[in-house]
Q: 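Before we start, here is the structure in question, set down as structure tokens.
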Amino acid sequence: MRIEVNWETCVGHGVCEGAAPQVFEVDDDGELQVLVDGDIPDKQLPAVRKAAFACPEHALRLIKSTADK
Ligand code: SF4
């Protein structure tokens, strides 16, 4: 699975970082940085799902990657 960010709606308040700090980080300029490039490691998926659910702007979406069955 990969994470897709809707940059139009993301406002950078970092609720996602609280749920999955290994994957999301809001930098000093208030911009969200996705720390994982490509597929989300399995062990981080639960936290990423939680982050997507918790995002007040619904800016995060988990999508299947081509490697997923
Ligand atoms: S919680 Fe949602 S809107 Fe806030 S920084 Fe994360 S992705 Fe962006």
Side-chain angles (χ1 to χ4, degrees):
M1 303 288 279
R2 303 165 66 92
I3 194 78
E4 187 178 77
V5 180
N6 182 338
W7 298 106
E8 300 291 318
T9 57
C10 175
V11 294
H13 44 43
V15 174
C16 53
E17 183 179 356
Q22 295 90 353
V23 178
F24 303 106
E25 182 180 277
V26 177
D27 66 19
D28 293 343
D29 296 325
E31 295 286 327
L32 176 64
Q33 305 294 324
V34 180
L35 306 176
V36 174
D37 191 23
D39 291 340
I40 305 292
D42 284 348
K43 67 177 182 184
Q44 288 170 2
L45 265 179
V48 170
R49 286 188 204 283
K50 199 168 154 190
F53 184 74
C55 172
E57 316 304 326
H58 307 292
L60 299 176
R61 196 161 74 99
L62 272 163
I63 55 173
K64 282 197 170 201
S65 57
T66 49
D68 293 330
K69 295 178 187 125

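Indexing begins at 1, ligand by ligand and atom by atom, following the structure's order. As a basis for the values below, the full set of heavy atoms in this structure was taken, side chains included, without hydrogen atoms, waters or symmetry mates.
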Q: Going only through I, L, V, M, F, W and Y residues with side-chain contacts under 4.5 Å, is there a path from Met1 to Val5?
A: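 Cluster IDs for Met1 and Val5 match.
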Q: Identify every side-chain donor-acceptor pair in residues 23-44 under 3.5 Å, counting partners at least two apart or on other chains, and give the distances.
A:
residue, atom, partner, partner atom, Å
Asp27, OD1, Asp29, N, 2.9
Asp27, OD1, Gly30, N, 3.1
Asp27, OD1, Glu31, N, 2.9
Asp27, OD2, Gln33, NE2, 2.8
Asp39, OD1, Ser65, OG, 2.8

Q: For atom 8 (Fe) of ligand 1, report each protein N, O or S atom nearer than 2.8 Å, sorted by chain and then by residue number.
A: Cys10 SG
Q: Asn6 versus Arg61: any side-chain heavy-atom pair under 4.5 Å?
A: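 Contact flag for Asn6/Arg61 side chains = no.
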Q: Heavy atoms only: give me the nearest Ala19-Lys50 pair and the separation to one decimal.
A: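 Smallest interatomic distance, heavy atoms only, reads CB-C, 4.3 Å.
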Q: Report the C-alpha distance between Leu60 and Val48 in whole Å, list the side-chain angles of each, state the deciding distance to 0.1 Å, and finish with yes or no for side-chain contact (heavy atoms from CB on, under 4.5 Å).
A: CA-CA 9 Å; Leu60 299 176; Val48 170; over 6 Å; no
